[in-house]
Amino acid sequence: MKITKVEDLNEQSFNLYGDSLELKKNQIKCDNEIVTHWHNLSDLGSLGKDPVIAYVKAYRRDFTVSQLERHVNTSEIFFPVKGLAVMVFTTSNEDGLPDLSNIKSFLLEPGKTFISKRGIWHWVPFPVEKEWESYLLVENDLVENDIEVFDLEDSIKINF
């Protein structure tokens, strides 16, 4: 069984799998006594032609990964709002299958928004507590037409 250790999701650790939307000083377009406005944090072109807002609630279960999924045509933007969770990510190998040598797991925290790139393999978040909840910005037909699921031969255990 392969083991992946949970890491903090930040710009450097997550860049292979997507973007962490961290607020940077050079993105401030307005800063005064009543408001600070960060602008153009990310390009939304990777979402597809018909983006919608979704909401997901994941439930506590064993921290073992037996499947991975990916979205070939679109990315996903997560806006975690409730609870802590762990989510696994990996890239594809030359055959388009999950490259388990690149698998990493990241801690998802409320208010820490991130974008999963197109084609990145991942699995439903594993809540640390009873539940985890997040808004998502996704392509409208993602669920019906852009989910590829892969069953792992050997499970992957998530360790803290």
Side-chain angles (χ1 to χ4, degrees), residues 1-22 41-110 112-129 131-160:
M1 176 180 289
K2 184 170 179 63
I3 297 174
T4 177
K5 186 163 173 50
V6 177
E7 299 181 33
D8 183 41
L9 193 152
N10 59 53
E11 185 177 21
Q12 287 181 307
S13 67
F14 193 67
N15 68 357
L16 185 60
Y17 314 102
D19 297 314
S20 172
L21 296 184
E22 298 175 13
L41 301 180
S42 181
D43 175 19
L44 298 180
S46 65
L47 283 173
K49 63 184 182 330
D50 188 19
V52 296
I53 296 174
Y55 195 83
V56 64
K57 185 185 285 191
Y59 304 101
R60 174 84 184 214
R61 61 199 188 280
D62 185 40
F63 284 81
T64 303
V65 183
S66 58
Q67 294 180 306
L68 293 170
E69 72 173 20
R70 72 174 175 173
H71 312 290
V72 177
N73 299 315
T74 187
S75 60
E76 294 177 290
I77 303 177
F78 290 78
F79 300 87
V81 295
K82 184 179 178 187
L84 297 174
V86 174
M87 193 167 177
V88 296
F89 298 88
T90 194
T91 56
S92 297
N93 63 24
E94 292 176 2
D95 297 331
L97 301 175
D99 182 352
L100 299 183
S101 70
N102 278 331
I103 198 157
K104 287 194 177 182
S105 54
F106 295 95
L107 184 63
L108 310 183
E109 303 174 60
K112 202 164 191 179
T113 302
F114 66 95
I115 302 170
S116 177
K117 292 179 183 176
R118 289 181 191 168
I120 289 296
W121 292 95
H122 58 284
W123 194 239
V124 177
F126 293 83
V128 173
E129 299 153 350
E131 298 175 350
W132 173 85
E133 299 177 28
S134 180
Y135 284 98
L136 295 173
L137 194 52
V138 298
E139 168 63 33
N140 193 26
D141 72 348
L142 175 117
V143 174
E144 291 84 8
N145 297 310
D146 194 23
I147 293 182
E148 182 179 342
V149 177
F150 183 82
D151 293 320
L152 298 172
E153 286 183 28
D154 293 319
S155 296
I156 298 167
K157 181 74 175 157
I158 298 170
N159 275 354
F160 286 87

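Here I147 contributes atom CD1 and R70 contributes atom CZ; the two are 13.0 Å apart, rounded to the nearest 0.5 Å. Separation of atoms CE (M87) and NE2 (H122) is listed at 4.5 Å; rounding is to 0.5 Å. Taking CH2 from W123 and CD1 from I158, the interatomic distance works out to 12.0 Å, rounded to the nearest 0.5 Å. The line from OG1 of T90 to CD1 of I120 is 7.5 Å long, rounded to the nearest 0.5 Å. From L21, atom CG reaches atom CG of D19 across 6.5 Å, with rounding to the nearest 0.5 Å. To the nearest 0.5 Å, atom CG of residue D154 and atom OG1 of residue T64 are 12.0 Å apart.
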For this session: Before giving the answer on side chain to side chain contact (heavy atoms under 4.5 Å, CB included), spell out for T4 and V88 the whole-Å C-alpha distance, their side-chain angles and the decisive distance to 0.1 Å.
Result: CA-CA 8 Å; T4 177; V88 296; 4.2 Å; yes
Problem set entry | Step-by-step side chain to side chain contact (heavy atoms under 4.5 Å, CB included) determination, Y17 to K117 | CA-CA 6 Å; Y17 314 102; K117 292 179 183 176; over 6 Å; no
Exercise. Can you list the steps and then say if Y55 with V81 is a side chain to side chain contact (heavy atoms under 4.5 Å, CB included)?
Worked result: CA-CA 10 Å; Y55 195 83; V81 295; 3.5 Å; yes
Exercise. Is there a side chain to side chain contact (heavy atoms under 4.5 Å, CB included) between V65 and L152 once you walk through the steps?
Worked result: CA-CA 8 Å; V65 183; L152 298 172; 4.0 Å; yes
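A pairwise comparison of heavy atoms in S155 and S66 identifies OG-CB, 4.0 Å as the closest pair. The shortest heavy-atom contact between P80 and S134 is N-OG, 3.3 Å. Contact between A58 and P127 at its shortest, heavy atoms only, is O-CG, 3.3 Å. The minimum heavy-atom distance linking L137 with L47 is given by the pair O-CD2, 3.3 Å. Heavy-atom minimum distance, L97 versus W121: C-NE1, 3.7 Å.
Note on ring orientation: taking the six-membered ring where Trp is involved, the planes of F106 and F14 are perpendicular (angle over 60°, cut-offs 30° and 60°). Using the six-membered ring where Trp is involved, F78 and F114 have ring planes that are parallel, under 30° apart on the 30 and 60° scheme.
Atom CD of Q12 sits in a sparse spot, with 12 or fewer heavy atoms from other residues, nucleotides or ligands closer than 6.0 Å. Shown here is K2, whose NZ atom has more than 12 heavy atoms of other residues, nucleotides or ligands within 6.0 Å. More than 12 heavy atoms of other residues, nucleotides or ligands lie within 6.0 Å of CZ in F150, so this atom counts as buried by the packing criterion.
Inter-residue side-chain proximity for F160 and V86 is flagged as met; some heavy-atom pair is nearer than 4.5 Å. By the 4.5 Å heavy-atom criterion applied to side chains, R61 and V124 are counted as neighbours. At least one side-chain heavy atom of L44 sits less than 4.5 Å from a side-chain heavy atom of I77.
In this model, no donor atom of one side chain and acceptor atom of the other lie less than 3.5 Å apart for T74 and D146. Using modelled atom types, one finds no donor on one side chain facing an acceptor on the other under 3.5 Å when comparing H71 with E139.
Qualifying side chain to side chain contact (heavy atoms under 4.5 Å, CB included) partners for K112, counting only residues two or more places apart in sequence or in other chains: D8, E109.
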